Amino acid sequence: PGGTADRAVVRIRTRMRKLDLTWTPNRPGLGLDIDSGEVVFVDVTDRILVAGMSGAGKSVALRVLMAAAWALPNTVLVIIDLKVEGALWSHTARVESEPEGIVPLVQELVAEMRERETIMRRDALDKWEPTPERPRIVVVVDEGAELISETDEDCISGLRSIARRARSAEIVLWWSTQKPTVTGKGPGLDSAISAQLTSAVCLAVASPQEARNVLGEDATGKGWHAEDLQKGGWAFVRVQGADRAPNPVRVFFMTKEDVRALPVREAWHRDMTEQSEKIDIITLALRLSEGLNGVSTAQLVTHTGLADTE
């Protein structure tokens, strides 16, 4: 008392913005920016990577994104899930959870992609127009590490082709994993696939390297420290080419009951649509045989998805 000092202790008390995170069918977006409170959107018609450790809220984030895609006109969900979450959607989407079903599903998707590409070349189209008969197909992989370990190289190769080529044909691949690693034991990412995924939703991960695997090599240097995120629905959203600051997002909370309440829909199968628009086989054969001495039945089967008995 009565003296002087050159130090002071200043206590700053902050209060986190109170956010209503309840999901409803009429509420757009993935969640809310915790700084501004604004809705954060992810383009569900594009390729998406979703990653987060156990307990981070990955499954809930996927539900919100899948519900948004499901609600679009002329859009169907196809879910590859070797765990149990996908079963929630079995009344309104196609769900495959065993390798015996996943491998032929990927073959169907590749055949559908090739057929659409052939039609697009024939009709001089640069982008497929989804219709009720030939809808946009959103292919959701969850969990990536399980898929890589449980299926063969041909299956993963088919998904690589879908990631690289099928966007213009309106077959869109999403990839989700708890373990966003590309090397080591049980990797959850395939580097050729993840390189094609233009939107990233990264919840809490185990390390800065995992954050960079999801958000980009420059992520941690620019403040995208997903390894420091809280669990329970906190995420970073980064889109290639977009100028978004590394502000955390609180993901809307969509319950299992919300998924079960979605109306029943018939699951997509290729045999429902493969006869809706015939390919000009002669034109295709001539194109394939350019510079060759003819074209084989095997080549036609590969490019059309038709069996050699049809």
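These figures come from a predicted structure and were not determined experimentally.
Looking only at side-chain heavy atoms (C-beta outward), Val172 and Val139 stay at 4.5 Å or farther from each other. Looking at heavy atoms from C-beta onward, Thr198 lies out of side-chain contact with Asp43 at the 4.5 angstrom threshold. Between Phe41 and Leu30 the shortest side-chain heavy-atom distance does not fall below 4.5 Å. Counting heavy atoms from C-beta outward, Val110 and Arg114 have side chains that approach closer than 4.5 Å. Between Asn74 and Leu72, the closest side-chain pair of non-hydrogen atoms is not below 4.5 Å. Looking at Met254 and Val259, their side chains come closer than 4.5 Å, going by heavy atoms from C-beta outward. Taking the side chain as every heavy atom from C-beta outward, Arg47 and Gln240 never approach each other to under 4.5 Å. Proximity of Leu147 to Leu82: side-chain heavy atoms (C-beta onward) are separated by under 4.5 Å at one or more points.
Within the model, atoms CG of Leu65 and CZ of Phe252 stand 11.5 Å from one another, a figure rounded to the nearest 0.5 Å. Expressed to the nearest 0.5 Å, how far CD1 of Ile48 lies from CG of Leu197 amounts to 9.0 Å. If you take NZ on Lys256 and CG on Leu88, they are separated by 6.0 Å, rounding to the nearest 0.5 Å. Expressed to the nearest 0.5 Å, how far CD1 of Ile79 lies from CH2 of Trp89 amounts to 6.5 Å. Here the CD-OG distance, from Glu117 to Ser168, works out to 6.5 Å after rounding to the nearest 0.5 Å. Interatomic distance, OG of Ser161 versus CG of Leu173, reported as 11.0 Å (0.5 Å rounding).
A side-chain donor-acceptor contact under 3.5 Å links Glu143 to the backbone of Ala145. Using a distance-only test at 3.5 Å, with no hydrogens or angles considered, no donor-acceptor pair links the side chain of Glu150 to the main chain of Glu146. At distances below 3.5 Å, not a single donor-acceptor pair connects side-chain atoms of Thr151 with backbone N or O atoms of Ile148. With hydrogens and angles ignored, the 3.5 Å screen pairs no side-chain donor or acceptor of His91 with any backbone N or O of Val264. Of the possible donor and acceptor atoms, one in the side chain of Glu108 sits under 3.5 Å from a partner among the backbone N and O of Arg270.
Under the 4.5 Å side-chain contact rule for hydrophobic residues, Ile102 and Ile156 share a cluster. Hydrophobic clustering places Ile34 together with Val64 (ILVMFWY residues linked when any side-chain heavy atoms are closer than 4.5 Å, directly or through intermediates). Cluster membership for Val237 and Val205, using ILVMFWY side-chain heavy atoms within less than 4.5 angstrom, is not shared. Leu262 and Trp268 fall within the same hydrophobic cluster, defined by Ile, Leu, Val, Met, Phe, Trp and Tyr side-chain heavy atoms under 4.5 Å apart, directly or through other members.
Contact between Leu229 and Ala204 at its shortest, heavy atoms only, is O-CB, 3.5 Å. Pro28 and Val39 get closest at one heavy-atom pair: O-CG1, 3.5 Å. Across every non-hydrogen atom of Trp23 and Ala67, the tightest pair is CZ2-CB, 3.9 Å. Residues Met66 and Leu77 share a closest heavy-atom pair of O-CD1, 3.7 Å. Smallest separation of non-hydrogen atoms from Gly186 and Thr181: O-OG1, 4.3 Å. Ala226 approaches Leu203 most closely through the heavy-atom pair CB-O, 3.8 Å.
Using a 3.5 Å distance cut-off with no hydrogens or angles, the side chains of Trp70 and Thr92 do pair a donor with an acceptor. No side-chain N or O of Glu227 forms a donor-acceptor pair with one of Ser207 less than 3.5 Å apart. Side chains of Asn26 and Thr24: a donor-acceptor N/O pair is absent below 3.5 angstrom, by distance only. Side-chain contact of Asp258 with Thr255: a donor-acceptor pair under 3.5 Å is present, judged by distance alone.
Legend: residues meeting ring pair (Phe, Tyr, Trp, His ring centres under 6.0 Å) with Trp224, ordered by chain and number and at least two apart, are Phe236. Among residues two or more places apart in sequence or in another chain, the salt bridge (Lys or Arg N to Asp or Glu O under 4.0 Å) test is passed with Arg244 by Asp33. Residues satisfying the salt bridge (Lys or Arg N to Asp or Glu O under 4.0 Å) test with Arg238, not counting sequence neighbours, are Asp218.
Screening residues 166-187 for salt bridge (Lys or Arg N to Asp or Glu O under 4.0 Å) gives Asp46-Arg167, Lys127-Glu170, Arg136-Glu170, Arg167-Glu170 as the qualifying pairs, with residues at least two apart or on separate chains. Screening residues 68-86 for salt bridge (Lys or Arg N to Asp or Glu O under 4.0 Å) gives Arg63-Glu85 as the qualifying pairs, with residues at least two apart or on separate chains.
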Query raised in the report: Hey, mind stepping through Leu189 and Thr177 against side chain to side chain contact (heavy atoms under 4.5 Å, CB included) and telling me if it holds?
Result: CA-CA 7 Å; Leu189 296 176; Thr177 183; 3.9 Å; yes
Requested in this report: Check the pair Lys222, Glu217 against salt bridge (charged side-chain N to carboxylate O under 4.0 Å, His left out), reporting the backbone distance first and the verdict last.
Outcome: CA-CA 10 Å; Lys222 293 186 175 181; Glu217 282 301 321; over 6 Å; no
Requested in this report: List the steps and the verdict of side chain to side chain contact (heavy atoms under 4.5 Å, CB included) for Val249 and Trp234.
Outcome: CA-CA 6 Å; Val249 175; Trp234 292 71; over 6 Å; no
Report task. Before giving the answer on side chain to side chain contact (heavy atoms under 4.5 Å, CB included), spell out for Leu105 and Arg94 the whole-Å C-alpha distance, their side-chain angles and the decisive distance to 0.1 Å. Result -> CA-CA 10 Å; Leu105 167 59; Arg94 181 169 176 186; 3.6 Å; yes
Query raised in the report: Which is it for Val138 and Thr75 under the side chain to side chain contact (heavy atoms under 4.5 Å, CB included) test, yes or no, and what are the steps along the way?
Result: CA-CA 7 Å; Val138 177; Thr75 301; 3.9 Å; yes
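Remark: Arg134 does not engage Glu129 in a salt bridge, criterion side-chain N to carboxylate O under 4.0 Å.
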Which donor-acceptor pairs under 3.5 Å do the side chains of residues 51-59 make with protein atoms, sequence neighbours left out?
residue: Lys58; atom: NZ; partner: Asp142; partner atom: OD1; Å: 2.9
residue: Lys58; atom: NZ; partner: Ser176; partner atom: OG; Å: 3.4

